[in-house]
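Fair warning: this is a prediction, and the values are worked out from it, not measured in the lab.
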Amino acid sequence: MAKKNIFTDAFGTPYFLKRLIIFILGIVSYRRFNGFNKLKITGTENLVDLPDSNVLFVSNHQTYFADVAAMYHAFCSVNNGYLNTIKNPIYLLNPKIDFYYVAAEETMNKGILPKIFKIAGAVTVKRTWRAEGKNVNRMVDMSEVDNIMKALDNGWVATFPQGTTSAFAQGRRGTAKLVKNQRPIVIPIKINGFRRAFDKKGLRVKVTGVKPTMEFKPPLDIDYDKENAHEILHKIMTAIEQTEDFNVLHNYDEELKAKKSEQKDSEH
């Protein structure tokens, strides 16, 4: 597999260009996280002693770009010795440049800004179940899997197991299979409030005064030899709090149905 060098990352992107883009996007987005809204970050002490490669961050997903932008701020801040804060944006001068994130190809090819985000570190994949608003059923492109593994071999990677911004959507087994095969350190991230603060793309501030949260949890304890992909996926989805057990609205609806059913039974 390709390796980074002192001038370029694992995919041949010049580091000076990545630094410039991360700096500009960081400055542009800063007030969204520490101005209009106040991002609360916790758990970054779990990132301090991580190795430089083969670390996989798994997160729930609420917007296309704001989630990832916030991660860049957090990682760059930790890279400069600041824990659980982004108050000092001087960290943008020394960014975390070997950070990649998995993104849907169709999302990253629409418009100039997504293409700029792509240069910053996107590893694009084609959705196997959804494309252009329609359900599809296509095979996984193994070259895309190779690209994710290449990114892991050379840095940190963030992925969104649900592959959608819809809450409590089913997790995709591809993430668990990748974990099983590559055996990375897996760090769960739980985010909240992004959907309320930003539009779906995460480019426009929808509401001010929101306090979005981003929690970095301790590495998952995974037995790579004994646990299968299904068990690993369940562990991941539980850690990012996206199983039905965490769906309060779902539980409320179910309880409401049960009460109505009991009332009907008592009336008969």
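- Within the model, atoms OG of Ser29 and CZ of Phe36 stand 11.5 Å from one another, a figure rounded to the nearest 0.5 Å.
- The neighbour count for Lys201 NZ, taken as heavy atoms of other residues, nucleotides or ligands under 6.0 Å away, does not exceed 12.
- The aromatic ring centroids of Phe198 and Phe33 lie less than 6.0 Å from each other.
- Put simply, the side chain of Phe11 reaches to within 4.5 Å of the side chain of Val123, judged on heavy atoms.
- The shortest side-chain heavy-atom distance between Tyr64 and Leu203 does not fall under the 4.5 Å cut-off.
- Leu83 places a side-chain heavy atom less than 4.5 Å from the side chain of Val48.
- Taking CG from Leu220 and CD1 from Ile232, the interatomic distance works out to 9.5 Å, rounded to the nearest 0.5 Å.
- Residues meeting the side-chain hydrogen bond (donor to acceptor under 3.5 Å, both in side chains) test with Thr8, sequence neighbours left out: Asn5.
- Here the side chains of Asn154 and Ser53 are not in contact, with every heavy-atom distance at 4.5 Å or above.
- Using a 4.5 Å cut-off on side-chain heavy atoms (C-beta onward), Lys180 and Glu227 make no contact.
- A continuous path of hydrophobic side-chain contacts links Tyr82 to Ile27 [ILVMFWY only; heavy atoms under 4.5 Å].
- Both Phe23 and Phe16 belong to a common hydrophobic cluster when Ile, Leu, Val, Met, Phe, Trp and Tyr are linked at side-chain heavy-atom distances under 4.5 angstrom.
- The distance from the CD1 atom of Ile116 to the CG atom of Leu25 is 7.0 Å, given to the nearest 0.5 Å.
- Residues Leu152 and Leu178 approach most closely at CD1-CD2, 4.2 Å, considering heavy atoms.
- Tracing side-chain contacts under 4.5 Å through hydrophobic residues (I, L, V, M, F, W, Y), one never reaches Val68 starting from Val210; they form parts of separate clusters.
- Residues meeting the ring pair (Phe, Tyr, Trp, His ring centres under 6.0 Å) test with Phe57, sequence neighbours left out: Phe75, Trp156.
- Asn60 has its side chain out of reach of Glu241: every pair of non-hydrogen atoms, C-beta onward, lies at least 4.5 Å apart.
- Across all non-hydrogen atoms, the minimal contact from Arg183 to Asp225 is NH2-OD1, 2.5 Å.
- Annotation for Gln170: atom CD does not count as buried by contact number, only 12 or fewer foreign heavy atoms lying within 6.0 Å.
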Tell me, with the steps shown, if Phe65 and Met108 meet side chain to side chain contact (heavy atoms under 4.5 Å, CB included). CA-CA 10 Å; Phe65 298 111; Met108 303 309 294; 3.7 Å; yes
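- At a threshold of 4.0 Å, the pair Lys150-Asp9 does not count as salt-bridged, since none of the basic side-chain nitrogens sits closer than that to a carboxylate oxygen.
- The shortest heavy-atom contact between Met214 and Ala70 is CE-CB, 3.7 Å.
- Lys217 places a side-chain N or O within donor-acceptor distance of the main-chain N or O of Ala239, the cut-off being under 3.5 Å.
- Counting heavy atoms from C-beta on, the side chains of Thr124 and Glu144 never come closer than 4.5 Å.
- The backbone N or O of Gly193 sits nowhere less than 3.5 Å from a side-chain atom of Lys211 that would complete a donor-acceptor pair.
- The minimum heavy-atom distance between Pro218 and Asn46, with the atom names listed, is N-ND2, 3.5 Å.
- Looking at Asn181 and Val145, their side chains never come closer than 4.5 Å, going by heavy atoms from C-beta outward.
- Residues Arg195 and Gln62 share a closest heavy-atom pair of N-OE1, 3.0 Å.
- In summary, of the residues considered (Ile21, Ile22, Leu20), a side-chain contact (heavy atoms from CB on, under 4.5 Å) with Ile24 occurs for Leu20 alone.
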Please table the atom pairs, donor to acceptor, closer than 3.5 Å between any side-chain atom in residues 92-104 and protein atoms at least two apart or in another chain.
residue: Asn94; atom: ND2; partner: Asn80; partner atom: OD1; Å: 3.1
residue: Asp98; atom: OD1; partner: Tyr15; partner atom: OH; Å: 2.8
residue: Asp98; atom: OD2; partner: Lys4; partner atom: NZ; Å: 3.1
residue: Asp98; atom: OD2; partner: Tyr15; partner atom: OH; Å: 3.3
residue: Tyr100; atom: OH; partner: Ala10; partner atom: N; Å: 3.4
residue: Tyr101; atom: OH; partner: Phe117; partner atom: O; Å: 2.8

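- Ring orientation note: the planes of Tyr30 and His73 are tilted relative to one another, at an angle of 30° to 60°.
- Put simply, the side chain of Thr243 never gets that close to the backbone of Thr238: no donor and acceptor are under 3.5 Å apart.
- When all heavy atoms of Val179 and Pro184 are compared, the closest pair comes out as O-CD, 3.5 Å.
- From Phe7, atom CZ reaches atom CG of Leu17 across 15.0 Å, with rounding to the nearest 0.5 Å.
- Atom OG1 of Thr213 sits about 8.0 Å away from atom NZ of Lys40, to the nearest 0.5 Å.
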Checking side-chain hydrogen bond (donor to acceptor under 3.5 Å, both in side chains) for the pair Gln182/Asp153: CA distance, chi angles, key distance, verdict? CA-CA 9 Å; Gln182 189 75 359; Asp153 280 340; 3.0 Å; yes
If you apply the rule side-chain hydrogen bond (donor to acceptor under 3.5 Å, both in side chains), what do you find for Asn84 with Glu45, and how did you get there? CA-CA 8 Å; Asn84 298 327; Glu45 60 274 8; 3.2 Å; yes
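- Annotation: the span from Asn228 atom CG to Asp223 atom CG amounts to 11.0 Å, rounded to 0.5 Å.
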